[in-house]
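Only a predicted model underlies this, so the values are computations on that prediction, with no experimental measurement involved.
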Amino acid sequence: MKKINEIFDMLSFKDPLFKELKLRSFFQYELSSFLGESLARHCKFLQFKEGVLYLECDDPIWLTEANFMKRKIKDKINELFHQQMVKDIVLRRCKL
C-alpha cells in the first residue's frame with residue numbers, strides 16, 4: 001500500500017495542479033531546507049507564480065541578507081527539484 005505523500009508525488013508529475021500544490025506546500029513548510037534555520041525564522045512564503053518565488057522578511061537586515069543569497073537560494077531549490085523551477089526571487093519587507 002502506498003503512502004499518501006507517494007501518491008501525491010506521482011500525481012505532481014502528471015498534473016500541473018498537483019505540481020503547483022506540491023510546490024506551494026514545499027515553500028510554505030520547508031523554508032529552512034533552502035534558506036537555512038536563521039534566515040527562515042525571519043522570512044515567510046508569500047506566493048509562487050510563473051517561476052517567481054515571493055518571500056517576505058520581517059527585518060531590513062534579514063532582507064539584505066536574503067538579497068545577497070538570492071542566487072544561492074534559487075540554485076538550491078532548483079537542485080532539490082532537479083529542474084529549473086525558480087527563475088527569480090522577489091523579496092519584500094513585511095508591512096506593519
Side-chain angles (χ1 to χ4, degrees):
M1 180 182 248
K2 293 187 181 201
K3 296 180 181 178
I4 189 76
N5 64 337
E6 292 172 347
I7 295 168
F8 194 71
D9 284 343
M10 287 175 23
L11 287 171
S12 70
F13 287 111
K14 297 177 182 179
D15 187 325
L17 174 64
F18 281 98
K19 184 177 185 177
E20 181 74 20
L21 289 172
K22 181 180 177 180
L23 285 171
R24 287 177 180 267
S25 174
F26 173 76
F27 292 135
Q28 183 73 37
Y29 300 107
E30 302 294 329
L31 277 179
S32 62
S33 68
F34 59 91
L35 292 181
E37 289 292 326
S38 298
L39 186 56
R41 282 193 295 264
H42 298 279
C43 291
K44 179 174 100 174
F45 168 74
L46 293 176
Q47 71 175 342
F48 181 74
K49 187 175 181 181
E50 297 175 4
V52 180
L53 174 63
Y54 295 86
L55 299 173
E56 189 174 67
C57 297
D58 65 1
D59 185 271
I61 294 170
W62 289 105
L63 179 64
T64 302
E65 179 71 19
N67 269 308
F68 282 126
M69 295 180 60
K70 273 172 67 167
R71 183 175 180 147
K72 185 177 179 182
I73 293 167
K74 182 179 76 162
D75 291 345
K76 192 166 190 175
I77 294 167
N78 290 334
E79 184 180 309
L80 283 169
F81 282 95
H82 304 290
Q83 57 182 304
Q84 189 71 25
M85 300 297 294
V86 178
K87 297 173 187 159
D88 194 17
I89 298 173
V90 174
L91 297 156
R92 299 180 179 154
R93 172 78 162 86
C94 287
K95 294 177 184 164
L96 301 175

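Rounded to the nearest 0.5 angstrom, Met85 CE and Ile77 CD1 are separated by 9.5 Å. Rounding to the nearest 0.5 angstrom, the gap separating the CG atom in Leu53 from the CG atom in Leu91 is 8.0 Å. Within the model, atoms SG of Cys43 and CD1 of Ile89 stand 10.0 Å from one another, a figure rounded to the nearest 0.5 Å. Atom-to-atom distance recorded for Cys94:SG and Trp62:CH2 is 14.0 Å, nearest 0.5 angstrom. Atom CZ of Arg41 is separated from atom OG of Ser32 by 9.5 Å, given to the nearest 0.5 angstrom. Atom CG in Leu55 sits 7.0 Å away from atom CG in Leu46 (nearest 0.5 Å).
Leu80 and Leu39 fall within a single hydrophobic cluster, where Ile, Leu, Val, Met, Phe, Trp and Tyr are joined by side-chain heavy atoms under 4.5 Å apart, directly or via other members. Hydrophobic clustering (ILVMFWY, side-chain heavy atoms < 4.5 Å, transitive): Tyr54 and Leu31 are in distinct clusters.
Looking at Arg93, its side chain does come within 3.5 Å of a backbone N or O of Asp58 through a donor-acceptor pair.
The side-chain heavy atoms of Phe27 and Val86, taken from C-beta on, include a pair separated by under 4.5 Å. Using a 4.5 Å heavy-atom cutoff, the side chains of Cys57 and His42 are not in contact. A heavy-atom distance below 4.5 Å is found between the side chains of Lys70 and Asp88.
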Applying ring pair (Phe, Tyr, Trp, His ring centres under 6.0 Å) to Tyr29 and Phe45, what does each step give before you reach the verdict? CA-CA 9 Å; Tyr29 300 107; Phe45 168 74; 9.3 Å; no
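Within a 6.0 Å sphere centred on CD of Glu79, other residues, nucleotides and ligands contribute 12 heavy atoms or fewer.
Here the closest non-hydrogen pair linking Lys74 and Lys87 is CD-O, 3.5 Å.
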